[in-house]
Amino acid sequence: MIRLLGVLVVVIVLYLAMIASDPNARTQSTHQVLAGRLGSYGVLTLGVGVLILSGGIDLSIGSVVGLGAVCFGLLLNRGVDPLVAACAVLAGSMGIGLAHGLLVTGLGLQPFLVTLCGLFIYRGIAKWSTQVPVGRGSSDAMRLLLVGGEGDGGRNQILVMLLAAVLLTLFVHGTRHGRYLFAIGANENAAKYAGIPTNRYKILAYVICSMMAGLGSILYLLENGSADPTDAGSWLELYAITGAVLGGCSLRGGEGMVPGMVLGAAVLPLIRALCSFNNVGNEIEFAVLGVALLLGTIADELLKRGTLRRAG
Amino acid sequence: MMNGDGTPLLQARQIRKQFPGVLALDGVSMHVAAGEVLAIVGENGAGKSTLMKVLAGIYSPDSGELLMHGQPLVLRRVADAMRRGIVLIHQELNLAENLSIAANLFLGQESNRLGVGWLSRSKEREQARKHLSSVGLDLSPDRVVATLSPGQKQLVEIARALVHSATVIIMDEPTSSLTQRETDRLYQVIADLKQRGVAVLYISHRLAEVKEVADRVTVLRDGKNAGELSRQEISHDAMVRLMVGRDLKQLYPRTHQTAAATKPAPLLEVEQLTYEGNPQPISFVLRPGEIVGMAGLVGAGRTELSEALFGIRRITGGTLRLAGQLVAIRSPIQAVQAGLLLIPEDRRLHGLILPFSIRDNLALPNYDLLCRFGWMQPGRVQELARRMMDKLRVRAYGPMQPVGLLSGGNQQKVVVGKWLARQPRVLIFDEPTRGVDVGARSEIYALMDQLAGEGVAILMISSDMEEVLGISDRVLVLHEGHLAGELSKAELSEEAIMHLATGGGKRAS
């Protein structure tokens, strides 16, 4: 709970700092852009957050977004109905998650390695399937619904993300399935000895993560209008993991809250906006991000020690 | 037993150490002289390990003082203790498995001639050989540690202590995974160490060993000094009397023994069971209301058998019948559904999720009963936690306290409590009182007695001979993966069990 309050304070402070730094920051269009980014990052953060709290990790998210967006575009360009195409992309990405889960549980491979291989494989397939960027065909209605109209910064994405967040909150914090994910993340052996089908739940976590990446790929193409197979979605896995960690997920597993993930996902877009309004060059943006993550991690560690000392 | 000037080499006075929920040491004192072997004995939870860790600089005491050669000694970290020549050899050895013996021996004090961390391999090898031969090991210093037997690793640890010019070597249950021959070798090395004037602190619950090696015995009970025995006074009975400090009958209540008398139909029938790691078929039955002890030496395969019954270890042949019905157990999921439940040996690793609260641990295997359409019902969860905490008398601030902060005894109660909501039919307790203080132990025994009274069949795996003799209606003895024999209540004695456990076969009666 303290962790959640902490990240909430950080988000509020960043927001106020941004508002205070430039009159342009208060405009509706700024907020629309922010909402769009929070939505698109948030979807990925939620997915990887659920995976992280169950003790897994996924480095392939960005490549899944890239491959998903390219495939979505190719399907649309062939005249496939947008809804069917979107479902196909979601199903395909869930298949990717299933493969990750099976490799991790069945063969006992390390999640880091499996998904690192995925990062290369899916990017490679995306590049191989088309040499040129693909457009979004005639998917205007879907775009209007999920992303918003032209020039409004993709604001509807935040609604998509919030809907997903509500569903995941109920699932993770309200059902026994969610409890099992936490238990597996905290001590997989003990979960197994308690009669929980741990492998099934681990696979489920990978499927959720990749499914959210698939959703992210649909939003990506709809928002950007085209997807370049060489770089669509690159870096996004790191943004997503950063958001999840800032939002209170421990990479050791067993810790995290869905609302925290949403807040954590907001930190990155706010820092980027803050940088741009303060005329800090784009060049330094990554460094600022890195420092922010480091500070967050340090604060978390200190907080944890304090709690332990009090409990002791 | 003192030095020439009468000052002990190492002395502890009135050491007190409090952990959350448990007072581990309550004013413990001890002393040891150069060239002396002092055995520290006590039941699980008596404070032996904590005392050792205080002496080795791992814990700093809340109060009390340490003296070395009569001078106050302050140990803030392990390195301080090492510098003063105090080395603790942990029960689970602390060697870097994939490095060579030589690298392990000099870990932390590599020869550093050039002042840049450059390792002089030939020098190290030569030194290593010298130290290895002084503990009677004739091995190449280049051997990778992972390839050594447990006994050889133990000796490498001792050699490492010598590299650190140790004057006090603390051995925590050194023989727990050694063969008899390796144990004999260890005794020789200890005798050598005495000759060199090294003080040895020998922690063990194997009283026969203590009789063999100790010059003096300090007995701890419930974190206090319970007494001291000089060489002449050391006997099994004298040690047990001081360790337990009470009548054994009181500790092991056994009120419901109808099963032994009436021999009801078996609840669990294990027929010709084989499983991964053990191709020798095992058969036995458990009757409702019975507490069946399972004894055997470390490595006899008792835990493996419990893992097979609970579905952790793959069953390769044979059958299991529960109340006459054939059951197929491929994973703990089926075992739990069948009511065949395991309280695992390593509760911190397998029994509990340490950062989770007492409530969430108790609820974990029971969510099928605590949910409606998959939704957790917080009211039911809370109610279960309260009920179990009352029933088992778990001492904690409340149901939300993380189990990691509970004492061993209370943790064990939570592990048991996890299963009580499910109406267990067969309960396997694997080392139920390891690391559990005496008070909680008697409560756990009382609970086992009560469960047996309710018709549960209990299989209790234990290395604690007192406990096996104290509470079992019948004892199965394993030896190297097969059932060496069965002893009825009337036939029970430590001698009879050891005879079977060491491969002696059942005596004609």
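Numbers restart at 1 for each chain; the letters A, B, ... are given by sequence-line order, proteins then strands.
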Task: N/O donor-acceptor pair under 3.5 Å between A/Ser210 side chain and A/Val207 backbone - done: no
TODO: Tell me, out of B/Leu354, B/Leu352, B/Leu349, B/Asn361, who's got the most heavy-atom pairs with chain A below 4.5 Å.
DONE: B/Leu349
Open item on the list: Can a donor-acceptor pair be found, under 3.5 Å and without considering hydrogens, that links the side chain of B/Gln334 to the backbone of B/Ser331?
Closed with: yes
Open item on the list: Using 30° and 60° as the class boundaries, would you call the ring planes of B/Trp419 and B/Phe310 parallel, tilted or perpendicular?
Closed with: perpendicular
TODO: Sort B/Asp368 into side chain, backbone, both or neither according to what part of it lies under 4.5 angstrom from a heavy atom of chain A.
DONE: both
Task: chain B contacts, top residue of A/Tyr180, A/Phe182, A/Phe171 (heavy-atom pairs, under 4.5 Å) - done: A/Tyr180
Task: For chain B, the option from A/Gly254, A/Ala183, A/Gly178, A/Ala186 that forms the most heavy-atom pairs under 4.5 Å - done: A/Ala183
Task: Which atoms of B/Arg347 approach chain A - backbone, side chain, both or neither, heavy atom under 4.5 Å - done: neither
Open item on the list: Looking at B/Glu97, I want to see if its CD is surrounded by more than 12 non-hydrogen atoms of other residues, nucleotides or ligands under 6.0 Å.
Closed with: yes
Task: Polar contact flag, side-chain donor to acceptor under 3.5 angstrom, B/Ser463-B/Arg302 - done: yes
Open item on the list: Less than 4.5 Å apart, side chain to side chain, heavy atoms only: is that true for B/Leu25 and B/Pro61?
Closed with: no
TODO: Would you confirm whether A/Lys202, through its side chain, and A/Gly56, through its main-chain N or O, come within 3.5 Å as a donor-acceptor pair?
DONE: no
Open item on the list: For a 4.5 angstrom cut-off between non-hydrogen side-chain atoms, does A/Leu53 reach A/Glu255?
Closed with: no
Open item on the list: Please output the residues of residues 377-385 of chain B in contact with chain A, using a heavy-atom cutoff of under 4.5 Å, in numerical order.
Closed with: none
Open item on the list: Taking every non-hydrogen pair under 4.5 Å, which of B/Leu364, B/Leu342, B/Val336, B/Val415 racks up the most with chain A?
Closed with: B/Leu364
TODO: Check B/Ile444 against B/Pro432 and note the closest heavy-atom contact, atom names and distance.
DONE: CD1-O, 4.1 Å
